[in-house]
Amino acid sequence: QWEMITRATRGSNHGWSVFEGAHLFRPGNRLEGPTRVHTPPLVEHAHREMRSVIGGRWYRGSRFPGLRGHYIYGGHVTGKLWSFSLVEGRPSVPRCVADTRAQVVSFAEDPDGELLVVTLDQGILHLEKSPPKQTRPLPQMLSETGLFASTGAHRPAPGLLRYESNLPMFRNGATRERFLAVPPGQTIRVKRAPRKLERLPPVRTRAGLDRFEFPPGSVLVQTFGLPAPGGASQRVETQVSLNDQGEWRFLSYRWNPDQQDAVLVPEIGADADIAVSATGTQAWRYPGRAECAACHTQLSMFAPGMHLAQLNRVVDYRALGGKRANQLEMFRSIGFLPDNFRLPAGDLVMPAPGEATASLADRARAYLHVNCAHCHREAGMGGRATFQSLNWMELEHLDLVGARPLVGLPGGDPAEHFLIAPGQPEQSDLYRRMGTLGLGRMPLFGTSRVDREGRALIHEWIQSMEPR
């Protein structure tokens, strides 16, 4: 739950795994080593504002006098750079000094002591002063965004089109309403897979391989709903993804009890218990903007669910004066997709867990792709579990079946646990983590309850495999 900067000195004991930073992690363990006194970190960040901290450098350059003598470090997932100084050995309050929008992996300095930022996806960067920007404050209320003609009625403004997905990511069983808009005169680019992937034998299907690249000014909106006491439904959260001049920004709005408007969630996010019956509540996480950036990355063109296999479906547009039509064809007819766009050949869809016309393997692989592949893929966030869950790769190339977990779940004999043990779901950490709440829970984001339908699907799939 925490990222930290520690200062290692002779005899210091930073406490893992009794402590994670300054916080108890496994209180049943005991401190080991020659010094059994816990040394807390200098600074730490909760995951709501940083993920995968990258240690940096003490700034010794001259271009930024205000940073001289500060320790500058970054977050691999968020791309933001932070700094603090030491005064009589005590750290100042960390502050964010830059937003690279890149996957930071290391730091260096040039001969003049100026900082170099090494990134995985954008090469080597250096610091520059940001030019003055004419910016407006973020809309504090959903009604101020201009996205809805009537916020209380949840009626979108002209230009936003309702859309649907074949297989939504699980989010505590919530319903969804989705809308998107593309600026006039602009179109979505269907980005095909890199040629190197086309030549690889692991490619088993194109489902999930082709992605949508949205032009600047595009916006994606989704509103989540839960049951309300008395049997009605209630809107809980509206998430907004905006391509702002080429940089994606992610905002979340929390609906008021009267269901007439929603208020902007703070940058670090928020937690709530939502009343869903006369006696029951549902834990709900309103994600912080750094949490959104963990899944919405360059690997998915910042919109994980927007690809052909998710959107290739028939939608009823009669309420809008239209007819039942293929959703992608509708996108083309109104100018969201270029005129020369053609539906790909074949049955290119992401099947739902209960889809009777799809094979068990196709349903299970689609589920893992939608719920897990944004992290568990090459260069993804699943660094402590190096398997992949991409739908389009052949199973034997995922390092999943018969592989040992790098960090196993407690309980049972570790020698008998695998990521997937063919024919043995109970010995498979993939299945076990789906039923875990708290530490070790997967999927990591957006859920606080078990997806029983999805877990039953994975159980059936693993059980159908021939034991090795």
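Heavy atoms of other residues, nucleotides or ligands lying less than 6.0 angstrom from CD of Gln186 number more than 12. Applying the 6.0 Å contact sphere to CZ of Arg7 captures no more than 12 heavy atoms from other residues, nucleotides or ligands. Atom CZ of Arg449 is surrounded by more than 12 heavy atoms from other residues, nucleotides or ligands within 6.0 Å.
Side-chain N or O atoms of Thr39 include one that pairs as donor or acceptor with a backbone N or O of Asn13 at under 3.5 Å. With Glu213 contributing its side chain and Lys191 its backbone, the two residues share no donor-acceptor pair below 3.5 Å. Distance alone, capped at 3.5 Å, is enough to place a donor-acceptor pair between the Asn371 side chain and the Phe170 backbone. When atom types are taken as modelled, the side chain of Asn166 and the backbone of Ala309 share a donor-acceptor pair closer than 3.5 angstrom. Looking at Thr119, its side chain does come within 3.5 Å of a backbone N or O of Gln122 through a donor-acceptor pair. Within the 3.5 Å criterion, the main-chain N or O of Gly21 finds no donor-acceptor partner in the side chain of Glu44. When atom types are taken as modelled, the side chain of Gln222 and the backbone of Arg176 share no donor-acceptor pair closer than 3.5 angstrom. Side-chain atoms of Ser252 do not come within 3.5 Å of backbone N or O of Val265 as any donor-acceptor pair. A donor-acceptor pair under 3.5 Å is formed between the side chain of Thr100 and the backbone N or O of Ala102. The closest donor-acceptor contact from the side chain of Asn312 to the backbone of Leu348 lies under 3.5 Å.
Taking the six-membered ring for Trp and the full ring otherwise, the centers of His154 and Phe148 sit less than 6.0 Å from each other. Remark: aromatic rings of Trp392 and His369 are distant, center separation not under 6.0 Å. Ring pair Phe25/Phe19: centre-to-centre distance not below 6.0 Å.
A cation-pi geometry, defined here as NZ or CZ lying under 6.0 Å from the six-membered ring centre and within 45° of its normal, does not hold between Arg95 and Phe84. Relative to the ring axis of Phe224, Arg235 does not place its NZ or CZ within 45° and under 6.0 Å from the centre.
Judged purely by distance below 3.5 Å, without hydrogens or angles, the side chains of Arg51 and His45 never pair a donor atom with an acceptor atom. For the residue pair His397/Gln388, the side-chain donor-acceptor check at 3.5 Å is not satisfied. A side-chain N or O of Tyr59 and one of Glu114 form a donor-acceptor pair less than 3.5 Å apart. Counted by atom type alone, Thr238 and Trp255 present one or more donor-acceptor pairs between their side chains at under 3.5 Å.
The two residues Pro139 and Thr145 have their closest heavy-atom pair at CB-CG2, 3.8 Å. Across all non-hydrogen atoms, the minimal contact from Ala98 to Leu127 is CB-CD2, 4.3 Å. Of all heavy-atom pairs spanning Ser448 and Asn172, the tightest one is N-OD1, 2.8 Å. Shown here for Leu115 and Arg57, the closest heavy-atom pair between the two residues is CD1-CB, 3.9 Å. Nearest heavy-atom pair across Leu167 and Ala352 is CD1-CA, 3.9 Å. Summarising the geometry of Phe387 relative to Asp399, their closest heavy-atom pair is CB-O, 3.2 Å, with the distance given to 0.1 Å.
Remark: Arg313 pairs with Glu164 by the salt bridge (charged side-chain N to carboxylate O under 4.0 Å, His left out) rule, at least two apart or across chains.
In this structure the side chain of Phe179 never reaches within 4.5 angstrom of the side chain of Leu147, judged on heavy atoms. Under the 4.5 Å side-chain criterion, counting only non-hydrogen atoms from C-beta, Arg101 is in contact with Asp99. Residues Ile5 and Tyr71 form a side-chain contact, since some pair of their non-hydrogen atoms from C-beta on lies under 4.5 Å apart. With a 4.5 Å cut-off on side-chain heavy atoms, Gln140 and Val263 do not count as touching. Residues Phe64 and Lys129 are in side-chain contact: their nearest non-hydrogen atoms beyond the backbone lie under 4.5 Å apart. Residues Val219 and Ser241 have side chains not in contact (no heavy-atom distance under 4.5 Å, counting atoms from C-beta outward).
To the nearest 0.5 Å, atoms CG (Leu226) and OG1 (Thr175) are separated by 7.0 Å. Rounded to the nearest 0.5 Å, atoms CZ (Arg90) and OG (Ser85) are 12.5 Å apart. Here the CG atom belonging to Asp121 is positioned 4.5 Å from the CD atom belonging to Gln103, to the nearest 0.5 angstrom. To the nearest 0.5 Å, atoms CD1 (Ile458) and OH (Tyr367) are separated by 7.0 Å. Distance check: Asn326 CG to Leu343 CG gives 4.5 Å after rounding to the nearest 0.5 Å. Put simply, CG on Leu220 and CZ on Phe250 are 9.0 Å apart, with the number rounded to the nearest 0.5 Å.
Note on residues 65-80: pairs passing salt bridge (Lys or Arg N to Asp or Glu O under 4.0 Å), not counting sequence neighbours, are Lys80-Glu267.
One finds no salt bridge joining Arg363 and Glu355 here, because no Lys/Arg side-chain nitrogen approaches an Asp/Glu carboxylate oxygen to under 4.0 Å. Electrostatic pairing of Arg365 and Asp362 does not count as a salt bridge here, judged by no charged N lying under 4.0 Å from a carboxylate O. A salt bridge links Glu247 to Arg249: at least one charged side-chain nitrogen sits closer than 4.0 Å to a carboxylate oxygen.
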Problem set entry | salt bridge (Lys or Arg N to Asp or Glu O under 4.0 Å) evaluation trace for Arg171 with Glu237 | CA-CA 11 Å; Arg171 184 85 190 275; Glu237 177 186 5; 3.1 Å; yes
For this session: Check the pair His23, Gln1 against side-chain hydrogen bond (donor to acceptor under 3.5 Å, both in side chains), reporting the backbone distance first and the verdict last.
Result: CA-CA 9 Å; His23 308 269; Gln1 302 298 319; over 6 Å; no
For this session: Show your working on side-chain hydrogen bond (donor to acceptor under 3.5 Å, both in side chains) between Arg441 and Thr447 and close with a plain yes or no.
Result: CA-CA 9 Å; Arg441 164 85 178 135; Thr447 65; 3.0 Å; yes
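Note: Phe212 and Phe214 have perpendicular aromatic rings, judged against thresholds of 30 and 60 degrees for the angle between ring planes.
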